[in-house]
There are 2 protein chains.
Amino acid sequence: MEKLKETGLKLTPQRIAILRYLDGNTGHPSAEDIYKAVSKKFPTMSFATVYNTLETLRQRGTLLELTIDPGRKRFDPNTEPHHHLICLRCKRIVDIHNAYALKVPDEMRGDIEITGNHIEFYGICQKCRSSKD
Amino acid sequence: MEKLKETGLKLTPQRIAILRYLDGNTGHPSAEDIYKAVSKKFPTMSFATVYNTLETLRQRGTLLELTIDPGRKRFDPNTEPHHHLICLRCKRIVDIHNAYALKVPDEMRGDIEITGNHIEFYGICQKCRSSKD
DNA sequence: GTACGTGCAAAGGTTTTGCATTACA
DNA sequence: TGTAATGCAAAACCTTTGCACGTAC
């Protein structure tokens, strides 16, 4: 509850429900996942509210927008530096909490000032491997 | 020209135009970029043909689909292992040809067999830095 | 000649937007 | 009470699909 106040957001019941759903969530949900989950408690919840809230959180830096899944955005409430491993078939994403030293030679970065990085590892999970193609 | 035959594709004029546009292209174009460029020479070109061709090339492994830009796919004809640096404002992408040793501890990868990786570096380019927010 | 590619238009999926209503602070 | 969020629907994007026609091999 103190956590919620710390956000500094105007706390509407919808936002609280979204924040609760995201807190500690390592499933990297899509907007639809969030909408579905929160709609159970708020049948009047709209996609607009979900997207508004996610965008607000992203701007505050308390939510990451992942571009790892083609066709839809995925969201990650864990803002600690970490990386991701995605199953190319089922799109399941797991966190990789491991530090890597990634230096980019100056002559490669051109005129772009580098502020961060993110590694996506990809592969096929057990379940997808054993099921037929 | 020999390159084109090597693709093994049925070589229609539209496909040749797309392949020519992609050959050596380091601009990481979107489907729309490709459509616009090729439409100049083929006014009847359709998006369906662009997407069909891109998907065919992707399946043959001669074209990479980048998911680095939220909201649209970007394509990269360079299939040599490399990484990308993207300007968060203008979405310009530059290649990073540098090798990194990225080992993932077994206990982190769970049941997913890792087959590859890709690093996205991000930052802000000179042009975007000097222009007002 | 035949299998496959093309072009058009319509449909599908995700995200954004306009605006009247509602509610937090 | 005033500012900001909500909900609904429509629109905006990007991508995919169905099908009749055309064409490379």
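The sequence lines fix the lettering, A, B, ..., with proteins before strands; numbering per chain opens at 1.
- The shortest distance between the side-chain N/O atoms of A/T12 and the OP1/OP2 oxygens of D/dT6 is below 4.0 Å.
- Between B/H28 and B/H84, the two ring planes are perpendicular [angle over 60°; tilted spans 30° to 60°].
- Between D/dG7 and A/T49, a contact under 4.0 Å exists linking OP1 or OP2 to a side-chain N or O.
- If you measure from atom CG of A/L54 to atom P of D/dT6, you get 11 Å, rounded to the nearest angstrom.
- Taking only side-chain nitrogens and oxygens, A/R15 comes nearer than 4.0 Å to OP1 or OP2 of D/dA5.
- Rounded to whole Å, atom P of D/dA11 lies 19 Å from atom CZ of A/F47.
- Comparing C/dT16, C/dC8, D/dG7 by their closest approach to the side chain of B/S46 singles out C/dC8.
- In this structure, A/Q14 does not reach the C/dA23 phosphate: none of its side-chain N or O atoms is under 4.0 Å from OP1 or OP2.
- With rounding to whole Å, B/D69 atom CG is found 10 Å from D/dC14 atom P.
- Taking the side chain of B/N52 as heavy atoms from C-beta on, and the options D/dA9, C/dC8, C/dT6, the nearest nucleotide is C/dT6.
- Between A/Y51 and C/dT15, a side-chain N or O to OP1/OP2 separation shorter than 4.0 Å is present.
- With C/dT16, D/dC8, C/dC8 as the choices, the nucleotide that has an atom nearest any side-chain atom of A/K73 turns out to be C/dT16.
- Between A/K10 and C/dT22 there is no side-chain polar atom (N or O) within less than 4.0 angstrom of OP1 or OP2.
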